[in-house]
K.L.:
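First, the structure itself, so that you have it in front of you.
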Amino acid sequence: MGDKIEDIDTELIIKVGNGDSIAFRTLVNLYKDKSLSLAVSIVKNETLAEDIIQDVFMKVYKNIGKFKFKSKFSTWLYKIVVNSCYTELKKKKISIPLEENEDSFDNISSIEESTNNLTLKDQKLYIHKAMKRLKIDEALVLRLFYLCEMSLKEIEKITKFNDSKIRVDLHRGRKNLKQQLKQLLGNEINTLL
Amino acid sequence: MNESDIKKLLKKSEINTTSDFTDKLMSKIQRKAVYEEPVNFWSLRRIIMGFLVVTLVSGFLVYKISQFYVSTDGVAIPFVWSLLLLLGLNYLLSVNSYKVSLPFKN
């Protein structure tokens, strides 16, 4: 499965290098959502994260010739995403209070009303809300490991965190995510599974 | 909640971009490509060719080397000048038409 994805990536990257815009579109569509999810883990703001991802893909388009297939394309891309987000974070010295940033979840704040039949959209919103409450490093490592299916070695390359920090962040992230979801959903946490 | 449950949860934590994300990105790239054309420097071959042409022309003009190759009282000099001028013009025009014929890379 992984090899197949890598083959598709390689084919697309070669085409993009030759100026094929349709191949670039396909590449963007393959990775945009995961990249955005990673960016939101760091900057905790969707609009800003989307702007950063736009810039990241522009950098990718410009520098695709420099990609030498020494690692997976996804590792290379996510490294750029993570670096760009931390740079932006430092540049703007963002400190957005969580509550200010949660306006998109207003419509799901009353969990008591309808917990039995959570739609997939609602489930996603609760999970998203809980993820936003996690620490940056924990949310990032969790998403890299479970959503992007990166190995610990690859996460090390992407984040420059050492192995033990990644393991600790994964452990704490899992624990805190459960805690946050429990706070939001109470005993209805199982409706998410 | 076990490992596979966490995996299921995190799979649902994917955030979707806005629907026009890719279109916006492609038009940004196109705009950038139009307004920020890369600066192309002359190749070494072109520099050598240019150097030879300038040397030849200035040799004719300043050092009168034409007298070694063509007779000084003949009508050859205006012909040589016209030929050089036309060749130069032809070169410029062909470079221009080649550039125009290039496909847009985006």
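Note: hydrogens, waters and symmetry copies are ignored here, and every other heavy atom, side chains too, is used. Lettering follows sequence order; numbering is per chain, from 1.
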K.L.:
Which atoms of A:Lys34 come close to chain B, meaning under 4.5 Å heavy atom to heavy atom: side chain ones, backbone ones, both, or neither?
P.N.:
both

K.L.:
Is there a side-chain contact between B:Asn16 and A:Glu46, using heavy atoms and a 4.5 Å cut-off?
P.N.:
no

K.L.:
Working note: B:Ile29 + A:Phe24, criterion side-chain contact (heavy atoms from CB on, under 4.5 Å); need CA distance, chi angles, decisive distance, verdict.
P.N.:
CA-CA 11 Å; B:Ile29 289 173; A:Phe24 186 64; 3.3 Å; yes

K.L.:
Checking heavy atoms, do the side chain of A:Met58, its backbone, both or neither come under 4.5 Å from chain B?
P.N.:
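Looking at A:Met58, backbone and side chain both touch chain B.
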
K.L.:
Considering only heavy atoms from C-beta outward, does the side chain of A:Leu36 approach that of B:Phe21 to under 4.5 Å?
P.N.:
no

K.L.:
Quick one: closest heavy-atom pair of A:Lys124 and B:Lys12, and the distance?
P.N.:
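Minimum heavy-atom contact is CG-O, 3.3 Å.
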
K.L.:
Is a side-chain N or O of A:Arg143 found less than 3.5 angstrom from the main chain of B:Ser13, in a donor-acceptor match?
P.N.:
yes

K.L.:
Are A:Met131 and B:Leu10 side-chain neighbours, meaning at least one heavy-atom pair lies under 4.5 Å?
P.N.:
yes

K.L.:
Just by modelled atom types, is the B:Thr17 backbone N or O under 3.5 Å from a matching donor or acceptor in the A:Asp33 side chain?
P.N.:
yes

K.L.:
Out of B:Glu14, B:Lys7, B:Lys28, which one racks up the most heavy-atom pairs below 4.5 Å with chain A?
P.N.:
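Top option by heavy-atom pairs under 4.5 Å: B:Glu14.
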
K.L.:
With a 4.5 angstrom heavy-atom cut-off, is it the side chain or the backbone of A:Leu177 that approaches chain B, or both, or neither?
P.N.:
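When you check distances to chain B, only side chain atoms of A:Leu177 fall under 4.5 Å.
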
K.L.:
To the nearest 0.5 Å, what is the distance between CG on B:Leu25 and CD1 on A:Ile53?
P.N.:
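Here the interatomic distance stands at 10.5 Å.
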
K.L.:
Answer with side chain, backbone, both or neither: which region of A:Ile22 has an atom nearer than 4.5 Å to a non-hydrogen atom of chain B?
P.N.:
neither

K.L.:
Which region of B:Thr18, side chain (C-beta onward) or backbone (N, CA, C, O), has a non-hydrogen atom less than 4.5 Å from a non-hydrogen atom of chain A, or is it both or neither?
P.N.:
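Backbone plus side chain of B:Thr18, per the 4.5 Å heavy-atom cut-off to chain A.
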
K.L.:
Should B:Glu3 and A:Arg174 count as an ion pair when the cut-off is N to O under 4.0 Å?
P.N.:
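Yes, B:Glu3 and A:Arg174 are salt-bridged.
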
